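Working notes, structure below.
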Amino acid sequence: MTKFTDLNLDPKVLKAISEAGYEHPTPIQAGAIPHALQGKDVLGIAQTGTGKTASFTLPMITMLAKGRARARMPRSLVLCPTRELAAQVAENFDTYAKYVKLTKALLIGGVSFKEQDMLIDRGVDVLIATPGRLLDHFERGKLLLTGVQIMVVDEADRMLDMGFIPDIERIFSLTPFTRQTLFFSATMAPEIERITNTFLSAPARIEVARQATTGENITQGVVMFKGSRKDREPSEKRRLLRDLIEAEGEALTNAIVFCNRKVDVDIVAKSLKKYGLDAAPIHGDLDQSTRTRTLDGFRDGSLKLLVASDVAARGLDVPSVSHVFNFDVPSHAEDYVHRIGRTGRAGRNGKAVMICIPRDEKNLADIEKLVEKPIPRLDAPAGSATADPAEDIAAEDTTASSSRSRSSRSSSSRSSSSSRSSSSSRSSAPRESAAPRETEEAAAPAAPAREEAPKPERSPSRGRSSSRGSDNATPGMGDHMPSFIALSFEERKAV
DNA sequence: AAAAAAC
């Protein structure tokens with residue numbers, strides 16, 4: 001079995017690796033690092049969670065350890081689709097370049113130019129950036145990319161989804177064509193294939209097949225749900241979500257709740273909070289400091305429920321969560337796999353529960369086709385979905401501004417919009433006392449019987465803090481993806 | 001149809 005020490009990495013890098021508790025490279029690392037160190041282009045086809053990030057940071061640090069950066073001319077460039085992902089890569093450099101003198105700058109939107117400019121001015125070895133902000137700096141004449149020796153494109157297929165490909169092509173054209181390119185994508189869509197044919201030269205192609213399929217350690221289920229009336233469906237659906245969450249009891253240590261739309265992320269987070277659950281929203285319309293704070297809180301365990309848009313579906317190195325709830329059926333079947341892949345990581349057990357309303361049945365069918373097996377239907381927890389229609393109108397009221405004047409009880413909960421108070425009431429309170437229901441709807445059953453609830457998975461809810469270095473873990477190892485995801489585009493079409 | 005990312 002290959003060890004990091006077999007890989008010709010700088011001794012100082014090896015020291016940092018070993019201090020981080022790693023000994024054996026993951027398949028993508030073992031495959032990519034030797035080629036990268038030889039100066040070859042690399043085409044890595046791998047999911048997040050395969051140790052992909054270290055497969056480029058480790059050789060980069062080794063190669064950049066020699067030489068010095070010049071002002072405004074970064075020696076290497078890493079492009080990421082989202083700000084969080086870029087920040088994560090930067091952290092990875094910090095970890096492994098601990099004993100190497102390397103300067104880096106993180107160029108992402110949502111924060112001030114000033115500090116970024118200062119760093120660039122001084123000269124950086126590594127530039128980690130999202131495309132928009134990078135080009136912004138370039139257009140201001142603050143940045144020269146002609147000194148880039150190594151360029152990394154991370155999560156290229158997601159860049160494609162987000163319409164970044166023209167930017168990427170432009171950035172490619174600003175760097176010397178003698179550069180070394182390390183290119184990573186989870187899939188090889190035709191457009192991605194075209195880019196790699198254009199900008200990579202004779203790349204070593206490393207394709208990582210996932211060992212396990214979705215099933216093994218992630219228990220999946222879907223609750224088919226129809227509102228008692230069309231206009232009541234949203235609030236009843238939120239109630240169902242609460243019941244599903246509470247039905248999990250102690251087995252739920254932390255969870256991500258995915259919604260398809262940003263407004264719903266806000267509404268659902270607000271609704272959960274209103275009922276005493278420890279929840280906070282994250283999506284791209286929130287300012288960067290809030291996003292960072294929320295994510296940090298979720299990582300360190302002080303936040304239990306993260307309500308998220310697909311900003312968090314891919315790539316984020318969130319600690320293994322015990323549960324994923326799909327409040328909405330994702331409309332791209334592949335997103336389902338990415339979302340539920342946030343649980344059951346590193347060999348632990350996870351549970352993924354989805355709510356499907358009639359309108360989403362087509363999308364559900366697409367998902368089942370993609371994962372090649374039916375998702376078991378679950379019964380709603382007893383007492384759910386039948387009663388308590390008018391529930392938390394106030395939560396909706398924040399966004400439905402037009403109807404706001406009509407609703408007499410809307411004023412109570414509007415104030416705290418998205419600010420995640422750092423108050424002490426972080427842990428979830430019992431719902432009876434927490435639900436602020438002074439109105440007549442309060443007559444609805446407060447504590448439904450739970451016998452029919454989906455059985456809580458026995459998940460070994462160990463301390464999350466140790467999640468990174470357990471067992472023989474290698475960076476990011478161990479979240480399980482269905483086998484199809486590792487197939488190339490052609491192979492998948494054939495299925 | 002929506003999310004993400006630039007000011």
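Everything numeric in this text was worked out from a predicted model, so none of it was measured. Each chain gets a letter, A, B and so on, in the order the sequences are listed, and its residues count up from 1.
Distance CG (A:D310) to P (B:dA2): 13 Å, rounded to an integer number of Å. One interatomic measurement links the two molecules: CG of A:L143 to C1' of B:dA6, which rounds to 15 Å at whole-angstrom precision. The nearest whole Å value for the distance from the CG atom in A:L85 to the P atom in B:dA5 is 10 Å. Rounded to whole angstrom, the span from the CE atom of A:M162 across to the P atom of B:dA2 amounts to 16 Å. Between A:K142 atom NZ and B:dA6 atom P there is a gap of 18 Å when expressed in whole angstrom units. Look at CZ on A:R261: it is 11 Å from C1' on B:dA3, rounded to the nearest Å. Note: NE2 (A:H137) to C1' (B:dA6) measures 10 Å, nearest angstrom. Atom CG in A:N260 sits about 11 Å away from atom P in B:dA4, given to the nearest Å.
Listed nucleotides B:dA6, B:dA1, B:dA4 differ in distance to A:S331; the shortest reach to its side chain belongs to B:dA1. Taking every side-chain heavy atom of A:E139 into account, B:dA6 is the closest of B:dA2, B:dA5, B:dA6.
You'll find the side chain of A:N326 stays beyond 4.5 Å of the side chain of A:D328, heavy atoms only.
The shortest distance between the side-chain N/O atoms of A:R291 and the OP1/OP2 oxygens of B:dA5 is below 4.0 Å. Within the 4.0 Å cut-off from OP1 or OP2 of B:dA6, at least one side-chain nitrogen or oxygen of A:T130 is found. Close to B:dA5, at under 4.0 Å from its OP1 or OP2, lies no side-chain N or O of A:R158. Applying the 4.0 Å criterion to OP1 and OP2 of B:dA4, one finds that A:S309 has a side-chain N or O inside that range.
Within 4.0 Å of A:G110, counting heavy atoms only, lie sugar-phosphate atoms of the nucleic acid but no base atom. Contacts of A:F164 with the nucleic acid, taken as non-hydrogen atoms under 4.0 Å apart, include base atoms.
Checked against a 6.0 Å centroid threshold, the rings of A:F325 and A:F258 do not count as neighbours.
In this structure, A:F199 and A:F172 have parallel ring planes: the angle between them is below the 30° cut-off, well short of the 60° mark.
For B:dA1, its base sits under 3.5 Å from the side chain of A:H332 at one donor and acceptor pair at least.
Cation-pi geometry between A:K237 and A:F225 is not satisfied (NZ or CZ under 6.0 Å from the ring centre, within 45° of the ring normal).
Between the side chains of A:T95 and A:N92, no donor-acceptor pair is found at a separation under 3.5 Å.
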